[in-house]
Amino acid sequence: MATKTRAKAKRKKTTVTKTARRRKTVRKTRTIRKKAAKKAPPRRAERTKAKPTAKVAVKPRPASQRAQPEAVKPPPSRPAQPTAAEQRIGVVTHYYGHLSVVAMQLEPGTTLRVGDVIHIRGRTTDFTQKVESLEVNHAPVTEVEPNDDFGLKVVEHAREHDIVYKVRS
């Protein structure tokens, strides 16, 4: 039995020494962070059935007082072909919206000068203006020919494939 008491005594001593060795630590304070609120998923609108509408009784009118349907007037349409005073000189190849400039290709045998009056037509484009600014490679010029790559300042929005006519004066 002596061995058992020694073993117990040894155990107690070791436990006592371990507790004596332990130092008390100061607990650090935790910073509490708020959790971000989770967003609820968007709700989809429920499909509703169309409610039946109440039928309104219509009073019959005599035939003599009925309103005659007016003739439907077609909207004023643009002529499909240019007028005889216009000559086709080219086609818009590109429109630069931030500059209000068109790049266009002239047809063979035509020229364009500053001061000429042009008419630009397309599906949604139709305006006439006087040529005030022509530029080739960012340099102002007074006349351009078919083989020149040039820019033309315009007063309204133009689109690619719009046709450019020269108005004869």
Side-chain angles (χ1 to χ4, degrees), residues 30-169:
R30 289 186 190 175
T31 55
I32 300 172
R33 294 183 184 175
K34 291 186 177 180
K35 293 182 180 180
K38 293 183 180 179
K39 291 184 179 178
R43 294 183 182 175
R44 294 189 180 186
E46 296 180 15
R47 292 186 181 182
T48 56
K49 292 183 179 179
K51 295 179 181 178
T53 57
K55 294 183 180 179
V56 179
V58 178
K59 295 180 183 178
R61 292 185 183 174
S64 61
Q65 291 183 354
R66 285 189 187 160
Q68 297 296 328
E70 294 180 20
V72 177
K73 296 177 184 176
S77 61
R78 296 182 285 175
Q81 297 296 325
T83 62
E86 295 179 351
Q87 173 194 2
R88 180 179 168 150
I89 60 168
V91 177
V92 174
T93 57
H94 192 74
Y95 175 71
Y96 300 95
H98 60 289
L99 299 171
S100 295
V101 170
V102 295
M104 58 181 281
Q105 175 130 22
L106 290 178
E107 292 186 353
T110 60
T111 60
L112 185 63
R113 294 184 180 96
V114 173
D116 288 345
V117 178
I118 60 170
H119 182 193
I120 300 178
R121 288 178 57 94
R123 290 184 63 180
T124 58
T125 310
D126 189 12
F127 65 94
T128 304
Q129 77 167 50
K130 186 176 181 179
V131 176
E132 295 177 358
S133 173
L134 289 171
E135 289 189 7
V136 175
N137 294 331
H138 304 289
V141 293
T142 57
E143 184 177 355
V144 290
E145 295 179 351
N147 55 358
D148 293 334
D149 290 328
F150 67 96
L152 167 68
K153 184 83 171 171
V154 291
V155 294
E156 289 187 30
H157 186 85
R159 290 157 183 83
E160 292 180 9
H161 309 293
D162 286 352
I163 301 171
V164 181
Y165 299 98
K166 187 179 197 179
V167 179
R168 294 181 190 149
S169 49

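Residues: numbered from 1 along the sequence shown.
Applying the salt bridge (charged side-chain N to carboxylate O under 4.0 Å, His left out) rule to pairs touching residues 142-158 yields Arg113-Glu143, sequence neighbours excluded.
Between atom NE2 of residue His119 and atom CD of residue Gln129 there is a gap of 11.0 Å, rounded to the nearest 0.5 Å. With rounding to the nearest 0.5 angstrom, the OG1 atom of Thr128 is 9.5 Å from the CZ atom of Arg121. Here CG of Leu112 is found 6.5 Å from CG of Leu152. Values are rounded to the nearest 0.5 Å.
Residues Val155 and Phe127 form a side-chain contact, since some pair of their non-hydrogen atoms from C-beta on lies under 4.5 Å apart. Side-chain contact between Thr111 and Val144: absent, with no pair of heavy atoms (C-beta onward) separated by less than 4.5 Å. Between Glu135 and Phe150 the shortest side-chain heavy-atom distance does not fall below 4.5 Å.
Residues satisfying the side-chain hydrogen bond (donor to acceptor under 3.5 Å, both in side chains) criterion with Glu107, sequence neighbours excluded, are Arg88. For Val114, the side-chain contact (heavy atoms from CB on, under 4.5 Å) criterion is met by Leu134, not counting sequence neighbours. With sequence neighbours left out, His157 forms a ring-ring contact (aromatic ring centres under 6.0 Å, His included) with Tyr95. The ring-ring contact (aromatic ring centres under 6.0 Å, His included) search around Tyr96 returns His94, not counting sequence neighbours. For Arg159, the side-chain hydrogen bond (donor to acceptor under 3.5 Å, both in side chains) criterion is met by Thr124, Thr125, not counting sequence neighbours.
Ile89 pairs with exactly one of Thr110, Asp116, Ile163 by the side chain to side chain contact (heavy atoms under 4.5 Å, CB included) rule, that one being Thr110. Residue Val102 forms a side chain to side chain contact (heavy atoms under 4.5 Å, CB included) with just one option from Asp162, Val92, Val164, and that option is Val92.
Remark: the backbone N or O of Ala103 is paired with a side-chain donor or acceptor of Thr93 at under 3.5 angstrom.
Annotation for Asn147: atom CG counts as buried by contact number, over 12 foreign heavy atoms lying within 6.0 Å.
Scanning all heavy atoms of the two residues, the minimum distance from Pro146 to Gly109 falls at CG-N, 3.9 Å. The heavy-atom pair separating Ile120 from Ala158 by the smallest distance is CG2-CB, 4.5 Å.
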